[in-house]
Every structure is written in structure tokens, then in C-alpha cells.
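As C-alpha cells, the structure follows; a few thoughts come after it.
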Amino acid sequence: MKKSILVVISCFTILIGCQSKTEQKETYKKETTQVSIASPEKAPKKETANATTILAKKEVPILCYHNIREFSNTASGDIKTYTVKPAVFSAQMKALADAGYHTILPNQLYEYLVHDGPLPDKPVMITFDDTREEQYTIGAAEMKKYGFKGVFFVMTVSINRPKYLSKEQIKDLSDSGNVIAAHTWDHHMVTKYSGDDWNIQLNKPKTKLEEIIGKPVTYFAYPFGLWNPSVIPEIKKSGYQMAFILSTKRDSNDPLYTIRRIIVSGTWTADGMLKAIESSFNKP
């Protein structure tokens, strides 16, 4: 009799244990199923500004430097226009820092113009054209003192030539947080292109620079700042996101491909440069 009772109790215990395990498995399955079907929240889609909205935005000051070297008082007008003495360049960078300016790069400008992205107080962009070596040895070195970053528009025909940037210097500029951008192969005016010129002047330089720095090259500067509306589709087709002119009027249909800059003249003092920023980029 005792044995029979023990057998019944044992069977009952095993049955309860099996039911408990079954319930645990079912609960686990339900929880797993619920987790697996949960869909992640989608990020809100950014609104894209049209040309009218972009043109209505306050312009960001953009400076354009070429040569940074000494010149005499009897130098030609072109030399004085396109050349800034090293000591003056140094004073200009200090003046920007003392005035509270913060450098931005093209991706920040794009986000500001297209998606209303944030900018630091008193933004400014510092750009360099024509691949001169002193832009690395003097320009980048001076900017580094103030935590500034710049944009270097490179003519690929001049890479590794005497007094021009080397591949190693271009790569170092990029690795240091500056932006490398295209300035054609040989500074031939975009308005004169035909046939294979588009490939030689736009596509090949882009590819070469990307091979050097290992990053996409998506910004372009027109030689001499010259452009016309018919060239913009070709710039877009070549994979450039924005293009930079000089101080002429922007295109009403494609303002992203006519971003204004001012050339920093060799006749300007540091204070003169600050005044030029205010007078040239004072639109609301």
C-alpha cells in the first residue's frame, strides 16, 4: 500500500514538473516572438530646402587665399592681389580667433543650407586655391594654432612639382581634418570646355585626389571663379555636391553650385580682412 502511494505521488510530481517546463517554454516563445516582431523607430526625414530658401539664408563668410609669401612694394597688381605675406596671414588668423570666429567645413555648410543644420557662433570658412606648398607649410601650420581647419582646392597637374603640394602633404592635410577638393587638372576655364575636357578637368582630378586621400572628393572650385549656368549640369554629373565661385552673383536656380567667396588681397591688414567679411557677407 505504501509503495502504491509513493508511486502515485512520484507520478503526480513528474506531471507537475513537465507542465511547469511546458509553460516556461511557451512563455519564452511568446516573449521571443514579441521581441522579434518589434520594429525600430524610423528617423524623421530631413526637409530639403529649395533654391529660394537657400538664397534667403544668411551667407557664411568664405575667404579665398592663393599665395602666402613675401613680395616687394614694386610687385605687380596681380601679385599684390593674390599674395599675402606670411606675417600678415598669421595676424589675420589671430584676428579671426580673437574676434570669436569658428571655422566650418563644406559638409557643415551643406547641412546648414539644405537641412537647416546648426552652425557655431560666427562661422567662417578658409579656403586655398592652386596647390601652393606654402599653404601647407605656413597656412595649415598657422591655422592649427587656433584649432582652425581649411579647404584646399587642388589642381592635380601641379601635384609633386617644385613649390607645389606633394601627395604626402595632401594626404596629411586630409588626415589632419582639413578638406581636399578639386580645382580642375590645369586651371583651364570651365566655360571653355568641350568634348573630353569634362572628363580631363572634372572626373580624372576627382578620381586622383580620392586615390591619394582615400575619401570621397565632392567639392569643386571654378578656376578664376568663372562659370555659367550651362556648366552646372556637368559639375553635378561628375559627382560634386557643391561648387565655389568668387564674389560674383549666385545662380538663382542652383545656389549650391555657386557658393560665394572673397579673395583675401595682399594689401589688406588683419583689420581690413575683418571689415571685408562684414561688408561682403552682411546679407540677412
Side-chain angles (χ1 to χ4, degrees), residues 60-106 122-184 187 209 212-213 217 219 221 223-225 244 246 261-277 280:
V60 171
I62 305 179
L63 305 176
C64 176
Y65 288 94
H66 289 80
N67 310 313
I68 308 173
R69 60 172 183 256
E70 299 294 339
F71 61 87
S72 68
N73 293 332
T74 58
S76 68
D78 279 351
I79 289 177
K80 289 180 179 179
T81 297
Y82 291 102
T83 307
V84 174
K85 293 181 178 181
V88 175
F89 181 83
S90 176
Q92 289 173 349
M93 294 301 102
K94 185 178 185 301
L96 287 172
D98 290 345
Y101 280 96
H102 300 85
T103 55
I104 68 165
L105 295 175
K122 301 189 76 170
V124 66
M125 189 182 295
I126 301 173
T127 69
F128 300 86
D129 286 8
D130 298 353
T131 331
R132 295 288 183 176
E133 184 179 31
E134 67 265 20
Q135 296 170 1
Y136 174 86
T137 57
I138 299 173
E142 284 296 324
M143 289 195 299
K144 187 177 180 180
K145 293 178 182 178
Y146 306 101
F148 290 168
K149 303 295 181 185
V151 187
F152 294 79
F153 290 102
V154 176
M155 294 184 303
T156 50
V157 69
S158 58
I159 297 173
N160 287 334
R161 288 185 176 182
K163 298 184 180 180
Y164 288 90
L165 294 173
S166 67
K167 287 183 179 180
E168 293 75 19
Q169 289 170 331
I170 292 170
K171 180 71 164 62
D172 186 55
L173 285 169
S174 176
D175 290 346
S176 300
N178 300 285
V179 168
I180 301 301
H183 196 38
T184 74
H187 214 263
L209 291 171
I212 291 172
I213 66 175
V217 171
Y219 310 111
F224 309 103
F244 294 73
L246 291 173
R261 303 182 292 164
I262 57 171
I263 293 175
V264 180
S265 171
T267 62
W268 293 355
T269 61
D271 187 55
M273 177 207 62
L274 293 177
K275 289 179 179 177
I277 287 175
S280 299

Nearest heavy-atom pair of [X] and [Y]: which atoms, and what distance?
X      : Y      : value
Ala182 : Val217 : N-CG1, 4.0 Å
Pro106 : Val179 : CD-CG2, 4.0 Å
Arg69  : Pro86  : C-CD, 3.6 Å

Has the side chain of [X] got a donor or acceptor atom that lies under 3.5 Å from a matching backbone atom of [Y]?
X      : Y      : result
Ser265 : Thr267 : yes
Thr103 : Val124 : no
Lys149 : Met143 : no
Asp130 : His66  : no
Gln135 : Ile68  : no

Roughly how far, to the nearest 0.5 Å, is the [atom2] atom of [Y] from the [atom1] atom of [X]?
X      : Y      : atom1 : atom2 : value
Leu165 : Ile212 : CG    : CD1   : 10.0 Å
Leu105 : Ile126 : CG    : CD1   : 10.0 Å
Asp175 : Ile170 : CG    : CD1   : 12.0 Å
Thr269 : Leu274 : OG1   : CG    : 8.0 Å
Ile262 : Leu63  : CD1   : CG    : 5.5 Å
Leu209 : Tyr219 : CG    : OH    : 14.0 Å

Results of side chain to side chain contact (heavy atoms under 4.5 Å, CB included) for [X] - residues two or more places apart only:
X      : value
Lys145 : Glu142
Ile104 : Val60, Gln108, Leu109, Leu119, Pro120, Pro123, Met125
Ser72  : Thr74, Ala75

Under the side-chain contact (heavy atoms from CB on, under 4.5 Å) criterion, do Leu173 and Ile213 qualify, and how do the steps go?
CA-CA 9 Å; Leu173 285 169; Ile213 66 175; over 6 Å; no
Just to verify, what does His187 make a ring pair (Phe, Tyr, Trp, His ring centres under 6.0 Å) with, not counting sequence neighbours?
His183, Phe224
Those residues at least two apart in sequence (or on a different chain) that pass ring pair (Phe, Tyr, Trp, His ring centres under 6.0 Å) with Phe71 are none
Partners meeting side-chain hydrogen bond (donor to acceptor under 3.5 Å, both in side chains) with [X] (sequence neighbours left out):
X      : result
Glu134 : none
Thr137 : none
Tyr101 : Glu278
Thr81  : none

For residues 151-163, dump all side-chain donor-acceptor pairs below 3.5 Å to protein atoms at least two apart in sequence or in another chain.
| residue | atom | partner | partner atom | Å |
| --- | --- | --- | --- | --- |
| Ser158 | OG | Thr131 | OG1 | 3.3 |
| Ser158 | OG | Met155 | O | 2.8 |
| Asn160 | OD1 | Lys167 | N | 3.1 |
| Arg161 | NE | Val157 | O | 3.3 |

How about Lys80: does its NZ atom have over 12 heavy atoms from other parts shown lying under 6.0 Å from it?
yes
Can you list the residues that meet the salt bridge (charged side-chain N to carboxylate O under 4.0 Å, His left out) rule with Lys85, with sequence neighbours excluded?
none
For residues 91-98, run the donor-acceptor check on the side chains, cut-off 3.5 Å, and write out each pair with its distance to 0.1 Å, sequence neighbours left out.
| residue | atom | partner | partner atom | Å |
| --- | --- | --- | --- | --- |
| Gln92 | OE1 | Tyr65 | OH | 2.7 |
| Lys94 | NZ | Asp98 | OD2 | 2.7 |

